[in-house]
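Here's the structure we're looking at; comments come further down.
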Amino acid sequence: MKAPTAKKIEKALEIHGDRRIDNYFWMNEKENPEVTQYLEEENAYADFVMKDSEEFQEELFEEMKARYKKDDESLPYFFNGYWYIVRYEEGKEYPIFCRKYKSLENEEEIVLDVNILAEGEEFFEVANVAVSPNNKLASFSSDNVGRRIYTLNFKDLKTNEILSDKIENTTGKAVWANDNQHIFYIIKDESLRAYKVYRHKLGTDVSEDVLIFHEEDETFDVNVFKTKSMEYIFMASSSTISDEHHFIPANNVFAEWKVIQPRIDDLEYSVEHYEDEFYIITNADDATNFKIVKAKIDNCGMENWVDVIPYREEVLLEGFEIFKNYLILEEREEGLLQIKIIDEKTQESYYLPFSDPTYTAYIGTNLEFDTEVLRYGYTSLTQPNSTYEYNLKYKTTKLLKRQEVLGGKFFPENYISERIWADSRDGEEKIPISLVYHKDTKKSADTPVLLYGYGSYGHTVDASFSNVRLSILDRGFIYAIAHIRGGEYLGREWYEDGKMLFKKNTFFDFIDAGKHLIKENYTSSKHLYAMGGSAGGLLVGAVMNYEPTLFNGIVAQVPFVDVVSTMLDETIPLTTGEYDEWGNPNDEEYYHYMKEYSPYDNVEAKDYPHTLITTGFHDSQVQYWEPAKWTAKLRELKTDNNLLIFKTDMSSGHGGASGRFESLKEDALEYAFLLKIDKM
C-alpha cells in the first residue's frame with residue numbers, strides 16, 4: 001500500500017514583511033469531507049504498516065490490562081459526615097462514585113454510576129462530581145466528544161432523580177454555596193477560554209442565571225473554588241504570570257465580592273483560609289521560588305502581608321496544607337520533592353524521610369482541619385504509587401494503600417533507578433535525567449533507550465511508577481526522563497530559562513541529554529528514541545529538525561507543531577492565554593524567534609527518523625490539523641525510507657480514548673512501533 005499524498009493548495013501568509021507558504025492550510029476545514037478522507041487514508045496506511053504487529057499489539061494490550069486490578073477502588077476519604085470512594089467493577093470501563101454514611105461498615109450509596117451514563121457513547125468523560133453541603137444533591141459534568149466542553153447536570157441523591165437543571169458549555173466545575181440552593185459555574189468563549197462566572201439557583205431557568213464576573217482580558221482564565229474551611233467561595237483570575245482573587249462568604253451568595261489583591265504584572269498568588277486569616281503563597285517581593293504570607297481577612301491587600309515562610313533562594317515552594325496545629329509544606333530542592341512538617345505550637349520542623357535516588361512525593365487529600373493525621377503520597381520509578389498516613393503527634397507512618405501490580409511478575413527489587421546529570425551546551429547548567437531499567441539490562445551501544453520530555457508551562461515531569469512502562473522495561477529498554485528547562489524541576493528560574501525568547505534551551509537541553517546517554521554508553525543513536533506529547537510533541541518535533549540523526553525513532557503524541565500559525569490565530573483555543581509562554585508573534589521579535597524553531601515551518605528535504613504521530617479529531621488543546629499538516633509536509637519533503645505513520649482517533653480529544661482500559665491500546669501501538677523499528 002502506498003503512503004497517502006495530501007493535495008496542495010498554496011496559501012500565502014504574510015506578516016512583518018515576511019511571507020510563508022502553507023500548502024496544507026486547507027486541512028483546518030473540519031467539516032470538509034476531503035479532510036476526513038485524508039485522515040482516514042492515513043489511518044488505513046498506519047494499520048497497513050503495523051499489520052505485522054497486530055497480534056503483538058493485542059498481546060501488549062492484554063499484558064498491560066492484566067496488571068490492573070479489575071475491581072479496584074480508591075482509598076476512602078472522610079468528608080462532611082460521609083466516606084467517599086471511587087470504584088471500578090470488572091468488565092466495566094467507567095468509575096462508580098460511592099459514599100457510606102459515617103462508617104465504612106454502613107451500606108453503600110451510589111452517587112453516580114458513569115457506566116450507565118456512558119451507554120451507547122463512543123467517548124464519555126465525567127470531569128467533576130460535587131455533593132451539596134447538606135449531602136442531599138450532587139452536581140456532575142460530562143463531555144461526550146472529548147473537546148473538554150462540559151454539560152452540568154444535577155441529581156437528587158435521595159430519589160436518584162436527575163433534575164431538570166442543565167447548563168451547557170461549562171468548564172465542568174460547580175461550586176456549591178452553603179444554602180444548598182445556589183451554585184457558581186464558569187462558561188467558555190468560542191476559543192474555549194474560561195471567561196464568565198455565573199450564579200445559578202436550582203429549579204430556575206438558566207436564562208435567569210446571574211453573571212457574576214466577566215474576564216475581558218483574553219490572556220486570563222477564571223476559576224471558582226471553595227476554601228478547605230468551607231467558609232469562603234473564591235473566584236480566581238489567572239494568566240501565566242499574574243493572579244487576582246475575589247471572595248465572598250459561602251453563607252451569603254448575595255454578598256459583595258471583595259478583592260484580596262488587584263492584579264499586577266508578574267505577581268502570582270493563591271489563597272487558603274484559616275480562622276480569621278488568609279494564608280497566601282506568592283512570588284511577591286522578588287520571591288522567585290515563592291514564599292508564604294498571611295493577612296487578616298478584613299485587611300488582606302499585599303501591603304498587609306506578613307511572612308510566615310520566608311523566601312529561600314534554593315527551595316521552590318510548591319504548595320502547603322493547613323491543619324489546626326500544623327503547617328505542612330511541599331518543597332522542591334535540587335529537583336526532589338520534600339514534605340516538611342511544622343508544629344505551630346512548638347515551632348519544631350522536620351522532613352519526612354525518602355530514600356530513592358529519584359522519586360515523587362506529594363501531600364494527599366486532607367479535608368479535615370482539626371486532625372493530627374496527614375495523608376501523603378509517594379512513588380518512584382521502581383515503587384508503585386502508595387498513600388501513607390502519618391501521625392503528626394506520635395510521628396508514626398502507616399501504609400494505607402499501594403497500587404497493585406497483578407500477574408506475579410513484578411518485584412521492585414528487579415528494577416534499578418538512577419539520576420544522572422548531563423552538561424548543557426552553554427556550559428552553564430547540568431541537566432538532570434532520571435532513568436529506570438531491569439536489573440538484567442546491560443548498558444551498551446545496542447541497548448534501546450526511550451527518552452521522554454515535556455519542558456513547558458513550568459510543568460515538571462517527576463519520576464513516578466508506570467504499570468504500562470513495565471512492558472518495555474521487561475523487553476530490554478531503558479526509560480529516561482529529561483528534566484529540561486521549561487519545567488520547574490530545578491526551581492522557577494529553570495522554567496524562566498525555557499520560555500519566550502529562551503525557548504530553544506528546552507530543545508537543546510533534550511538534545512544534550514540524549515548525547516550524554518550515548519557518551520556514557522547507555523545506548524547509541526541507532527537505539528535512541530524520543531517521546532513527547534502536546535508541548536512535548538513540539539519538543540520532539542523541533543529536535544527532529546535540529547538533530548535528525550540523533551534519534552532512531554520519534555513518538556509525537558497530540559503534538560503542538562504549527563507554532564507560528566496557531567499563535568497568530570486568536571480564534572483557536574488557548575492562543576491568547578499562551579502569549580506569556582511563547583510570546584506574541586504579532587510582535588516581530590517573537591515572530592521571527594518562534595519561526596526559527598516551529599517544527600512545521602522548518603521541515604526540510606532531508607532524512608528524518610522513524611516517526612509515529614498521533615492526534616484526536618476533537619482535540620481542544622492542539623487542533624488535529626497541526627499534526628495532519630506536519631505529516632503531509634514530512635511525507636512531501638523527507639528523503640529517507642524510514643517509517644512515518646499518522647494515527648487519528650476520530651472519536652476523542654486531547655486526552656485520548658475514554659474509559660479505563662481503552663487508552664492502553666494507544667500505549668500498545670506506541671510500544672509495538674518502538675520495538676518494531678528497533679529490530680529493523
Side-chain angles (χ1 to χ4, degrees), residues 62-79 83-90 92 95-100 104-105 108 318-319 321 328 330 336-339 341 351-368 371-392 394-419 434-439 460-474 479 481 660-661 663-664 667:
E62 292 299 335
E63 179 182 292
M64 293 169 180
K65 189 176 173 183
R67 294 193 195 105
Y68 287 89
K69 191 177 178 185
K70 306 303 179 292
D71 55 351
D72 203 7
E73 64 179 43
S74 68
L75 193 63
Y77 67 87
F78 190 74
F79 178 66
W83 286 96
Y84 284 89
I85 301 162
V86 181
R87 63 178 179 82
Y88 290 88
E89 291 182 354
E90 187 165 357
K92 296 182 178 179
I96 302 169
F97 295 85
C98 317
R99 66 179 184 175
K100 296 181 179 182
L104 288 168
E105 305 304 313
E108 174 189 273
E318 292 210 343
E321 191 80 55
I328 317 297
E330 204 171 77
L336 297 179
L337 280 159
Q338 301 179 86
I339 296 176
I341 314 292
Y351 292 94
L352 296 181
F354 305 122
S355 57
D356 285 288
T358 180
Y359 63 85
T360 305
Y362 53 91
I363 298 170
T365 303
N366 294 276
L367 300 177
E368 298 294 311
T371 180
E372 292 182 331
V373 171
L374 165 74
R375 273 193 187 181
Y376 72 90
Y378 180 85
T379 177
S380 74
L381 293 169
T382 61
Q383 298 289 335
N385 195 37
S386 304
T387 303
Y388 293 90
E389 186 175 271
Y390 181 75
N391 190 293
L392 296 157
Y394 298 109
K395 299 181 181 177
T396 54
T397 303
K398 180 169 73 173
L399 175 65
L400 296 179
K401 182 179 174 68
R402 175 167 286 145
Q403 175 188 356
E404 290 186 58
V405 183
L406 302 185
K409 296 178 182 177
F410 170 73
F411 301 96
E413 59 271 22
N414 287 339
Y415 301 86
I416 297 167
S417 70
E418 300 177 24
R419 188 170 64 151
S434 296
L435 303 112
V436 63
Y437 50 93
H438 195 280
K439 66 179 184 180
T460 298
V461 180
D462 278 306
S464 59
F465 184 78
S466 166
N467 241 343
V468 170
R469 193 186 300 140
L470 295 174
S471 289
I472 53 168
L473 297 184
D474 291 349
Y479 180 84
I481 304 166
R660 191 178 179 205
F661 297 116
S663 64
L664 294 179
D667 297 313

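Computed from heavy atoms alone, side chains included, the values below leave out hydrogens, waters and symmetry copies.
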Which heavy atom in [X] sits nearest to a heavy atom in [Y], and how many Å separate them?
X	Y	value
Met64	Leu664	SD-O, 3.9 Å
Ala463	Ile481	CA-CD1, 4.1 Å
Glu368	Phe79	OE2-CA, 4.2 Å
Asn467	Arg67	O-NH1, 2.8 Å
Thr379	Gln383	OG1-O, 2.9 Å

[Y] backbone acceptor or donor facing [X] side chain under 3.5 Å:
X	Y	result
Asn391	Glu389	no
Tyr359	Leu337	yes
Thr371	Val373	yes
Gln403	Pro384	no
Glu330	Ile363	yes
Thr382	Ser380	no

Using the side chain to side chain donor-acceptor pair (under 3.5 Å) criterion, which residues pair with [X]? Sequence neighbours excluded.
X	value
Asp72	Lys401
Tyr376	none
Tyr378	Asp356

* To do: Any chance you could lay out the salt bridge (Lys or Arg N to Asp or Glu O under 4.0 Å) test for Glu63 and Lys409, step after step, and finish with the verdict?
  => CA-CA 11 Å; Glu63 179 182 292; Lys409 296 178 182 177; over 6 Å; no
* Answer yes if the ring centres of Tyr84 and Phe97 are under 6.0 angstrom apart, and no otherwise. => no
* Asked: Ring centroid separation for Tyr88 and Phe661, is it under 6.0 angstrom?
  -> no
* Say whether Glu418 and Tyr437, considering side chains only, have a donor N or O and an acceptor N or O under 3.5 Å apart. => yes
* To do: Could you give me the CA-CA distance, side-chain angles and deciding distance for Tyr415 and Phe465, then say whether ring-ring contact (aromatic ring centres under 6.0 Å, His included) is met?
  => CA-CA 11 Å; Tyr415 301 86; Phe465 184 78; 8.0 Å; no
